[in-house]
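Predicted, not measured: the structure shown is a model, and the values here were computed from it. Note that these values count all heavy atoms, side chains included, but never hydrogens, waters or copies made by symmetry.
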Amino acid sequence: MTFCLRTKLNKMILAALLCLLGVFLGGKVSFAAFKYTPLEAEVHFKCLDVEGLDTANYEIVIEPKDATTPVPDEDRLTVNESGEGIFKMTITEPGTYEYLLYQVEDTQDRVKYDDSKYNVQVFVTTDDNKQLIYSVAASYADSGDKPSEIAFQNEYIAEEETTEETTEATTEESKEEPAPRETEVKKGEKSDKPTADSAKTGDGFSGSFVVLLILVSVLGMISVTYIKIRERRD
């Protein structure tokens, strides 16, 4: 009799355990079986016009902040100087997903690249029908300020024109100030300006010679007078 009671009690306990296990597994299976319809989220950006630059291409990168963030379909896009781009990512569950978006500095000549970096947040929730919906917010990574849009404004650096301006200025000065002309002396005419030859054999030389003769004459007269005076004394 006692054995029968124990057997029945064991069966009741086992049945209770199976019921509890069934409830637990049933709820677990039911929870795991529910899946959201995947959502394709989009993050838009643009590169603004660059004055003075006809054609150029820019590379924009987006990086997930952590391993739980959905990886974009493409993490690098190339656009032109006035183009727009869209990063797309497939999301399957509600949550807040963060990305870093920035521009790669290339080696294009005379281009100053916009080094702005953006923190991008994709907020995913559900609507009344249990469908995933999302919104996107962005802020500057260095300041936290919120921009009106995710955009990159590159600049074109013109070539320096200092050398050309200096050359033009020198040319203008040479035009305004002509080189002095040498005075031409026609054959048979006297030139007012002394030349090298005239300094040697011209009027300048004749004047010096006359002065020398006068001095010699005066000295000679003085000498003769002095000799005569001495002779008279003797």
Undergrad: Hey, could you give me the NZ/CG distance between K117 and D142, rounded to the nearest 0.5 Å?
TA: 9.5 Å

Undergrad: Using every non-hydrogen atom in the two residues, find where L77 and I86 come nearest and quote the distance to one decimal.
TA: CD1-O, 3.2 Å

Undergrad: Between E149 and L48, what is the shortest heavy-atom contact and its length?
TA: OE2-CD2, 4.4 Å

Undergrad: I'd like to know if the side chain of D114 and the backbone of F152 have a donor-acceptor N/O pair within less than 3.5 Å.
TA: no

Undergrad: Working to the nearest 0.5 Å, report the span between CD of E42 and CE of M89.
TA: 9.5 Å

Undergrad: Write down the atom of K130, the atom of Y36, and the distance for their closest heavy-atom approach.
TA: O-CD2, 3.5 Å

Undergrad: Measure the spacing between CD1 of I133 and OG1 of T125 and express it to the nearest 0.5 Å.
TA: 3.5 Å

Undergrad: Taking all non-hydrogen atoms of both residues, which atom of E93 and which atom of Y97 are closest, and how far apart?
TA: O-OH, 2.8 Å

Undergrad: Using a 4.5 Å cut-off on heavy atoms from C-beta on, say whether the side chain of N119 contacts that of Y140.
TA: no

Undergrad: Without swapping roles, check the side chain of Q153 against the backbone of D49 for a donor-acceptor pair under 3.5 Å.
TA: yes

Undergrad: Given the rule that I, L, V, M, F, W and Y join up when any side-chain heavy atoms are under 4.5 Å apart, are Y99 and V136 in one cluster?
TA: yes

Undergrad: Would you check if there is a donor-acceptor pair between the side chains of N154 and Q103 at a distance under 3.5 Å?
TA: yes

Undergrad: Show, in sequence, the C-alpha distance, side-chain angles and deciding distance for D106 and V111, and conclude whether the side chain to side chain contact (heavy atoms under 4.5 Å, CB included) test is met.
TA: CA-CA 9 Å; D106 202 350; V111 176; over 6 Å; no

Undergrad: Spell out, yes or no, whether V79 and Y102 are grouped together once hydrophobic residues are joined by side-chain heavy atoms under 4.5 Å, including indirect joins.
TA: no

Undergrad: Is it true that E155 and Y113 share a donor-acceptor pair across their side chains at a distance under 3.5 Å?
TA: no

Undergrad: Could you grab the distance from atom CD1 of I91 to atom CG of L132, nearest 0.5 Å is fine?
TA: 8.0 Å

Undergrad: Do R76 and E59 sit within salt-bridge range, that is, some charged N less than 4.0 Å from a carboxylate O?
TA: yes

Undergrad: List the steps, then state whether side chain to side chain contact (heavy atoms under 4.5 Å, CB included) holds for L101 with I60.
TA: CA-CA 7 Å; L101 194 151; I60 312 300; 3.6 Å; yes

Undergrad: At what distance, to the nearest 0.5 angstrom, does NZ of K46 lie from CD of E84?
TA: 4.5 Å

Undergrad: Where the side chain of Y118 meets the backbone of A151, is there a donor-acceptor pair that is under 3.5 Å apart?
TA: yes

Undergrad: With the 4.5 Å side-chain cut-off for hydrophobic clustering, are M221 and I229 part of the same group?
TA: no

Undergrad: Specify the closest pair of heavy atoms between P70 and P64, including all atoms of both residues, with the distance to one decimal.
TA: O-CG, 4.3 Å

Undergrad: When you measure from the side chain of D66 to the backbone of T68, do you find a donor-acceptor pair of N or O atoms at a distance under 3.5 Å?
TA: yes

Undergrad: Within the supplied structure, the quantity of interest is the number of heavy atoms (other residues, nucleotides, ligands) at a distance under 6.0 Å from K112 NZ; does it exceed 12?
TA: no

Undergrad: Quick one: does V122's side chain get under 4.5 Å of T96's, heavy atoms only?
TA: no

Undergrad: If you compare all heavy atoms of G144 against all heavy atoms of S139, which two are closest, and at what distance to 0.1 Å?
TA: O-CB, 3.6 Å

Undergrad: Are L39 and V124 close enough that some pair of their side-chain heavy atoms sits under 4.5 Å apart?
TA: yes

Undergrad: Examine V120 and V61 and state if one hydrophobic cluster contains both, with Ile, Leu, Val, Met, Phe, Trp and Tyr joined whenever side-chain heavy atoms are less than 4.5 Å apart.
TA: no

Undergrad: Mind checking the CD1-SG spacing from I150 to C47? Nearest 0.5 Å is all I need.
TA: 11.5 Å

Undergrad: Just so I know, are the side chains of V104 and Y58 near enough to count as touching, which here means a heavy-atom distance under 4.5 Å?
TA: no

